[in-house]
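Note that the numbering runs from 1 along the sequence shown for the chain.
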Amino acid sequence: MSSPSPSAAETPAERYPFHDSALPLDKRVDDLLSRLSPAERLSMLHQYAPAVPRLGIGAFRTGAEALHGVSWLGVATAFPQAVGLGASWDEELVREVAEATSTELRAFHHHRPAAIAPDRGPNSLQAWAPVLNLLRDPRWGRNEEGYSEDPVHTARLGEAFCRGLAGDDPTYLRAAPVLKHFLAYNNEDDRCTTSSGLRPRVLHEYDLAAFKPAIASGAATGVMAAYNLVNGRPCHVSPLLETELRRWAAPTGRQLFVVSDAEAPSNLVDPEHYFDDHAESHAAALKAGIDSFTDHGEDSETVIGRLREALERGLIDQADIDLAVRRQFELRFRMGEFDPELDPYAHIGTEVVDSAPHRALARRAAAASTVLLKNTGLLPLTDPTKKIAVIGPHGDALFEDWYSGTLPYAVTVADGLRARLAPAGGELTVHEGIDRILLRAASTGEPLNGTAFDLGDWGLGVLTLRAADNGRFLSVKEDGSLVADQAVVKSWDVHETFRLVDATGAAAGGTGSATEDGTDRGAVLLQSVLTGRYAAADADGTLRVTAEDAAGAERFTRELLRDGRAEAVAAAAAADLAVVVLGNHPLIHGRETEDRRGLALPPAQEDLLKEVAAVRPDTALIVMSSYPYAVDWADEHLPAVLWTSHGGQETGHALADVLFGDADPAGRLPQTWYRGDDELPHPLDYDIIQAGWTYQYHRAAPRYPFGHGLSYGAFRYGELEVDSATVGQDGSIRAALTVSNTGSRPGTEVVQLYVRPLEARYQAPRRKLADFRKITLAPGQSRRLVFDLPAAAHLAHWDVATGAFTVDPGRYQLLAAASAEDVRATVQVTVEGPAPAPRTVLGRRTAAADFDAHRGIALVDATRETGDAVTPAGSDAGSDAGSEAGSEAGSEAELLFSTVELTGAREVSAEVALEGALEGAAAGAELEFTVDGQVLATLTVPPTGGRYAWTTVTATLSDPPRGVHDLRVTLRGPLRLAAFTVA
């Protein structure tokens, strides 16, 4: 049955033109907007837009989380994490997952009351997904939310997810996809104050490239701005919202609805200090292109009051408000709010939630995203009558992440294997490999909470304590009391993590002595990771986490009741095969607001693995994690290693399917797995080119490369052929090859096509993904694959000299590969066309940010509204809210401008700014222009009165050179350089 619009406040006595579905959409929006008073229009700018009963307009809220299933609204089908979906390399599968997610979102919208603020409108159909941030640094706390480190791969899966959410109806949306988070957001530590430095090449070739296809194709309906800054300017006031995103969307004829991230508008004043007051900051965000303010929770008046003040002060005008409201209502019309009788998705009922088809899809998705990293013949398993030991903290547990829905049920690895073995008479033993201890309070002699605890060791001294009597986690309450009442660890502030420290404050770990001399042996203190406080006894003996330091803390004696590792090792020794399942907890050591410190497995897990493998060489490791680990020892010593993300409710069935060969391990890595001794760049160095990030630029051999994954089939690649060995700069290449399964089993292969220039005049990537195809072949089957590669799309680079994508003439190599490092066939093509001219600087303004290479710089904002500038990293000229890291901090920086035509040059002028008085080292603020070691000019930079107070300094060139040279510009002192002009 068709349901009435749940957001309709009441039926108006009069029908208006905006009710007429036969009218063009823009005319309906025009009419509705004209009937709203200025105050009503202003009220629509908050996340919770109010109802307008006199017009029959219901309350509306932006935003439902739908990253890998509906989340935060209750029980819903849980699919693999986004990084797991990325590992599938399967656009059709990703589209199906999104379709199932949006179908369930429709059920929650029509039939389930909102859990938060039920009087503020129904659950939203605007889906805040997918996340298209690139997985540049695998230590990012939110790594699980992205698809890939590669922009082509991310863009294709992201567009597929958008299309699955939106549906196929030409008029109405099943759900409205919103891309997250624009732009260059890949660190959590201090995320609201750090700045991502994006040189133009990185901006256009990498970060923007992930977002553009979904917007330009019309698949996405909106974008969420990111918390961070880019080049010193907060993303919520970025000019790129208009100059790039909305420019891409314009040809589609649809408006792009841009929302803020939670509390980010307030961050513009505090903690970013980018604006002096909230009226000014909110006005700037609105004018930059933010259409809806997610801020102050359900409190609309605070945000609307700030915008009202901005209107009264003349910082915004009614046209700015109307434009944002217009974009909102266009989306609401498209979601069927005003045409419930015509909405093709209004009939969807609650029966779709966790339905049998969705369960089957969850199982298929989890199997398709499983990656076989190593296999020397142990897999697939062929004898279900064997005895298998499942070992490790993830062997009989599934974990939800922050954006997971509530699992309807959980099929663990142990459950899946048990179901596979039982009918054949096989035997399964399960051991977590963790200790059970008793913590006895010294003051009373009583055990903590009257029970023993199973000790989860997550590394870095962080532990969870699961009560043996009820299986629930110990948690610190608001009053400091300790209660074992949490079935899962899943809350914004994690109250369930602790440290056991000795009396000196040193980490004591889970077992063993507390002090070296043996005195007070086994005595430990219990410290909350969340609050930093220690458990202490009240006057009545009640234990609460209230002590500020170790001196006032209760002492506990540890008694080891069960040696988990010893029991697990014994179980492995008695089995025919061990399956060790290790990994992360998605809410501990790497999550939203917290980056990882490194790539190593928790030492307790690594030690468990080594001891199990020592007694049972036939050991398969399953890494179940939100991100890559450095599994060097496992790769060198074990016969089989697999990876899966946290795969949702059907994880165990899917892994059993893969282990026994009922499903081929069809996943491939969506990001590089680095070695443990590989020193990664600084987390805040976003210059992937110069820092050496991702498979495109990283030089050291990885443990497992991007795109890696093994099949139970065996594949032979034929010769890579092209239709022509030459192509014009605006032409296209057709490449083809035949792939054959030469193995004895069916198999799935992801054929990856990379490109690289052989004669680049710029720092080019080692190789760059251009296309990929996922195919499944029976034994002996072959398939001919054809790839069409427009040169402008796949051979171009961003030319900083011209400010546009350019295809250089010369030789290029196409590489057909099974991974970024496993190249199977190559062919060369030659691009014909005029050679690029030297960079012209005479008589034209050259932006400082348009360099070819750099040393020791930070990219910063030229003004609050627009433009970039360059300053020495670590100088006082950097943004208040943080400057680019990864470069050596200091007072000197250098820019390189390659192949510059200098014939006729006589003088140089530079646009500079210098804040403050010249004192001490600042007195040396200057610019130096050199060619081939010869100083052409030195320009002294005077104080200008502020970072945005620009002036021009000029100098005559001494002995000006002729011809083409590499020009170097050295910056000394805390100055800012926006541009220079040679005359």
Distance, nearest 0.5 Å, that separates CG of Leu971 from CG of Leu895: 5.5 Å
Asp771 and Arg156 ion-paired at < 4.0 Å: yes
Arg845/Glu911 ion pair, N-O < 4.0 Å: yes
Cationic N near anionic O, under 4.0 Å, Asp852 to Arg839: yes
Steps toward ring pair (Phe, Tyr, Trp, His ring centres under 6.0 Å) verdict (Phe805, His797): CA-CA 5 Å; Phe805 277 104; His797 74 284; 8.4 Å; no
Under 3.5 Å side-chain donor-acceptor pair for Asn228 and His181: no
Distance-only side-chain donor-acceptor flag, Thr194 / Asn187, under 3.5 Å: yes
Identified side chain to side chain contact (heavy atoms under 4.5 Å, CB included) counterpart of Glu149 within the set Ile688, Thr672, Leu134: Thr672
His153 and Ser148: side chain donor to acceptor below 3.5 Å: yes
Tyr695, Tyr812, Phe787 screened by ring pair (Phe, Tyr, Trp, His ring centres under 6.0 Å) with Tyr754, the one that passes: Tyr695
Shortest non-hydrogen separation from Pro681 to Ala691 and the atoms involved: CG-O, 3.5 Å
Check: His698/Asp678 side-chain N/O donor and acceptor closer than 3.5 Å: yes
Test ring pair (Phe, Tyr, Trp, His ring centres under 6.0 Å) applied to Trp693 and Tyr686, step by step: CA-CA 8 Å; Trp693 278 118; Tyr686 277 73; 8.6 Å; no
Charged N-O contact under 4.0 Å between Arg668 and Glu749: yes
Between Thr903 and Glu901: side-chain donor-acceptor atoms closer than 3.5 Å: yes
Distance-only side-chain donor-acceptor flag, Gln690 / Asp685, under 3.5 Å: no
CZ-OG1 distance between Arg716 and Thr738, expressed to the nearest 0.5 angstrom: 9.5 Å
Intermediate values then yes/no, ring pair (Phe, Tyr, Trp, His ring centres under 6.0 Å), Tyr697 and Tyr206: CA-CA 12 Å; Tyr697 294 98; Tyr206 192 64; 8.5 Å; no
Exceeds 12 heavy-atom contacts within 6.0 angstrom, atom CZ of Arg962: no
Pair Arg968 + Asp966, salt bridge at N-O below 4.0 Å: no
CZ/Arg734: more than 12 non-hydrogen atoms of other groups inside 6.0 Å: no
Derivation of the side chain to side chain contact (heavy atoms under 4.5 Å, CB included) call for Thr221 and Leu256: CA-CA 6 Å; Thr221 65; Leu256 199 65; 5.9 Å; no
Pair Arg163 + Glu159, salt bridge at N-O below 4.0 Å: yes
Test log, rule side chain to side chain contact (heavy atoms under 4.5 Å, CB included), inputs Leu814 and Leu789: CA-CA 10 Å; Leu814 277 57; Leu789 305 176; 3.8 Å; yes
Ring pair (Phe, Tyr, Trp, His ring centres under 6.0 Å) between Tyr674 and Tyr704, intermediate numbers included: CA-CA 7 Å; Tyr674 299 100; Tyr704 302 119; over 10 Å; no
